[in-house]
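I have placed the structure first, in the form of structure tokens, so that the comments after it can refer back to it.
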Amino acid sequence: MPNVPEQPRSGSADEVGATSHGRVRQEPADAGTPAEVSGQGVDGDHAPAAGQAPAKARPTQVASTAAAHALRLLNRARGTEAHPPAPSVPDAPLAVVVGGGISGLVAARELAASGHRVQLHEAGPVFGGCVGLHEVAGLALDAGAESFATRSTAVADLLGELGLGDDIVTPEPGGAWLYLKRGAENVVLPLPATGILGIPGDPWAEEVRRAVGRAGALRAAADLITPVSKKILEGDMSLGALVRSRMGSAVLENLVTPVVSGVHSADPDTLDVDAIAPGLRAAVHKHGSLARAVAAMRAAAPAGSAVASVSGGMNRLAAALVADLKAAGVQLHANSPVAGIAPGAGGTGFRIELAPRAAAASAAKDAKHEKESRHERHERQAHEAGAAGAGQRREVLADRLVMATGGETAVDLLRGIDAGFAEHRPAPGAGISLVTLVVDKPELDDAPRGTGLLVAPTVDDVGAKALTHATAKWHWLGDESGPGSHVLRLSYGRLNDVASALVNADDSSLRNAALKDASVLLGIEITAGDILGFDVVRYSGALPFATTGHAKRVALIRELAATHQGLDIVGAWLAGTGLASVIADTRKRLRITVS
């Protein structure tokens, strides 16, 4: 994801929170922004950490400079130094975590630190969810989340505990650009740097006037003199409704929608303002205008960059967590779908039904099912496992249960405990396809469009919703790839019908679309002959929709969960997308309930 201004809650799609594996491919894995790996199981049901290189890489197309490029990449070191919690006591209560994404790994770590014996079961072949690794043209790259929001210290604190604190890095200062439709033409402009979710803190700033036009800026500036009623605090409200009422359609269409659609793959008119920008409505009422509220929130944010990452990539977080859990004695089971959950004997604890061990073999078939959703894959794996080993299902009796999967899977399983969960099954999020191109293009050395671009939904000559110029964004990656070599990541999943169809295109079609789109967005022709390597990673339902009323729905789900002693539910579908949201929420909830 291009480097965009701070977002109060959900972070960029480039820092998607994790649930059960969202990758559709088994080969090396933003929201195109984001938010994603594969591997062979060890001893039947243990998979390698997400930070390990895949056993089998996609053949890459190599240009004439590939040999020199490869020499720059030999013998890269990527180590971690973890500080694990003490191993659990053999007769300690057993906790089972379902889902091996970041939320599940963090939950397992908290449980182990509190003295539980812990088992973690992940339906897919590797751990880490939307924080993973793939190799393209010899470069080890983030396949999903590639940064985290710094609005809180949640991620930085965890990285420090895992021995990665000294490796935290901030992006280069180029900033993101916008690709907008202006009359009959399309224009490229820098994204105003003083906003939140694209909402400007100064509606009359020159960069805002260039983006929305003089008339649009005048309408937006009316926010500064229009009284704010107490009714702004009442009832549910979408982000789009708030922006349109205070600043008008030009700001919504040209600034807010490109950012929000790039990050959340959703229309601002569908998103709950309190879920993705908590406190914004109260700040508008307090300060008397939307612009002043945004400016105040920006001023109160931590100094420095709005996002950060880890030298070597965020995939090191998942690898470090896995290593930490193994050292603590946590049992990590990959290719281990949970087939059902029921109350334990006498109504205490939980009975977790696992698919037979033969289910691990079905993981190798996943690459053949590129169009299925995460939930569909879960059901297929369970079905195949059952067919392969009928009567061999296993049960685990647990004192505690943490559901750390996506919302659909979590609700479907939790119905075995309480039928009341069924009414809270969320709608699937938007599908996303991420295309990574590694190109030999010295003309890009000067980063002509900053760290990347966000595309307005009204644009009709580009299919991507965002482009991240990763080697321009992260100094370590620019050094690793070397002069002339560049990593470009394009995200597909636009709001308009024509562009959204590209999500389901085959790899070759997406590669060609990415070449065309990158050429238009960067203003430099990039051809097939420039490609050193490429990869496509697909996420079906990767980003949860925080639609209007989201906060109330989350409260109801958690109230229901609280009636079942020993049950916790975590993950991005409740906490909000973004590592900052997911990690902070998971640690807070587990620390409360294990005490």
Side-chain angles (χ1 to χ4, degrees), residues 9 17-20 82-89 92-122 127-131 148 152-162 317-318 320-333 338 341 349-350 352 396 398-407 409-410 413-414 417 421 554-555 557-595:
R9 181 179 182 87
T19 59
S20 198
H83 304 283
S88 57
V89 179
L94 175 64
V96 170
V97 179
V98 182
I102 293 299
S103 58
L105 296 176
V106 171
R109 189 172 187 268
E110 294 295 325
L111 289 163
S114 66
H116 288 77
R117 291 180 296 129
V118 184
Q119 288 185 14
L120 184 149
H121 295 272
E122 160 60 36
F127 306 106
C130 294
V131 181
F148 62 89
S152 76
T153 64
V155 183
D157 289 345
L158 179 59
L159 289 169
E161 294 168 23
L162 294 169
L317 168 62
L321 280 168
V322 168
D324 192 65
L325 294 176
K326 287 181 177 179
V330 173
Q331 298 177 40
L332 298 171
H333 301 279
V338 172
I341 297 174
F350 306 91
I352 293 94
V396 176
D399 301 286
R400 289 186 57 85
L401 172 65
V402 178
M403 292 300 303
T405 68
T409 299
L413 289 173
L414 289 172
I417 299 172
F421 281 107
V554 170
I557 292 168
R558 286 184 162 159
E559 286 176 10
L560 181 57
T563 64
H564 299 275
Q565 185 175 0
L567 173 65
D568 282 293
I569 311 174
V570 297
W573 70 290
L574 299 175
T577 52
L579 288 173
S581 296
V582 169
I583 290 172
D585 181 73
T586 300
R587 300 190 84 175
K588 176 182 177 182
R589 298 199 64 77
L590 267 294
R591 284 176 177 173
I592 290 173
T593 58
V594 299
S595 61

Task: Nearest heavy-atom neighbours spanning A584 and A154 - done: CB-CB, 3.7 Å

Open item on the list: Within the 4.5 Å heavy-atom criterion, are L414 and L567 side-chain neighbours or not?
Closed with: yes

- [ ] Please round to the nearest 0.5 Å and tell me the distance separating atom OG1 of T405 and atom CH2 of W573.
- [x] 7.5 Å

TODO: Would you name the heavy atoms of S152 and A580 that are closest together and state the gap between them?
DONE: OG-CB, 4.4 Å

Task: Derivation of the side chain to side chain contact (heavy atoms under 4.5 Å, CB included) call for L105 and E122 - done: CA-CA 10 Å; L105 296 176; E122 160 60 36; over 6 Å; no

Task: Nearest non-hydrogen partners of G128 and I102, listed with the distance - done: O-CG1, 3.8 Å

- [ ] Measure the CG-CG distance between L321 and L162 for me, rounded to the nearest 0.5 Å.
- [x] 5.0 Å

- [ ] Taking salt bridge (Lys or Arg N to Asp or Glu O under 4.0 Å) as the test, write out the residues that go with R587, two or more places apart.
- [x] E110, E161

Task: Min side-chain heavy-atom separation L94-V396 under 4.5 Å - done: yes

Open item on the list: So, taking the atom named CG in L111 and the one named CG in D399, what distance separates them when rounded to the nearest 0.5 Å?
Closed with: 11.0 Å

Task: Where S103 and T586 come nearest, the two heavy atoms and their spacing - done: O-CG2, 3.5 Å

- [ ] Would you give the length of the straight line joining atom OG1 of T593 to atom CG of D568, rounded to the nearest 0.5 angstrom?
- [x] 3.5 Å

- [ ] Could you walk me through whether F127 and L120 pass side chain to side chain contact (heavy atoms under 4.5 Å, CB included), step by step?
- [x] CA-CA 10 Å; F127 306 106; L120 184 149; 3.6 Å; yes

Open item on the list: Please give me the minimum heavy-atom distance between I569 and R558, naming the atom from each residue.
Closed with: O-NH2, 3.8 Å

Open item on the list: Using the rule given for side chain to side chain contact (heavy atoms under 4.5 Å, CB included), can you reason through H121 versus I352, listing the C-alpha separation, both sets of side-chain angles and the distance that settles it, and then say yes or no?
Closed with: CA-CA 10 Å; H121 295 272; I352 293 94; 5.6 Å; no

Task: Contact check, side chains of V131 and V582, non-hydrogen atoms, under 4.5 Å - done: no

TODO: Show your reasoning for whether side chain to side chain contact (heavy atoms under 4.5 Å, CB included) applies to I417 and L401.
DONE: CA-CA 11 Å; I417 299 172; L401 172 65; 4.0 Å; yes

Open item on the list: Ignoring hydrogens, what is the shortest heavy-atom contact between V402 and L590? Give both atom names and the distance.
Closed with: CG2-CD1, 4.0 Å

Open item on the list: To the closest 0.5 Å, what do you measure between CZ (F421) and NE2 (H564)?
Closed with: 5.0 Å

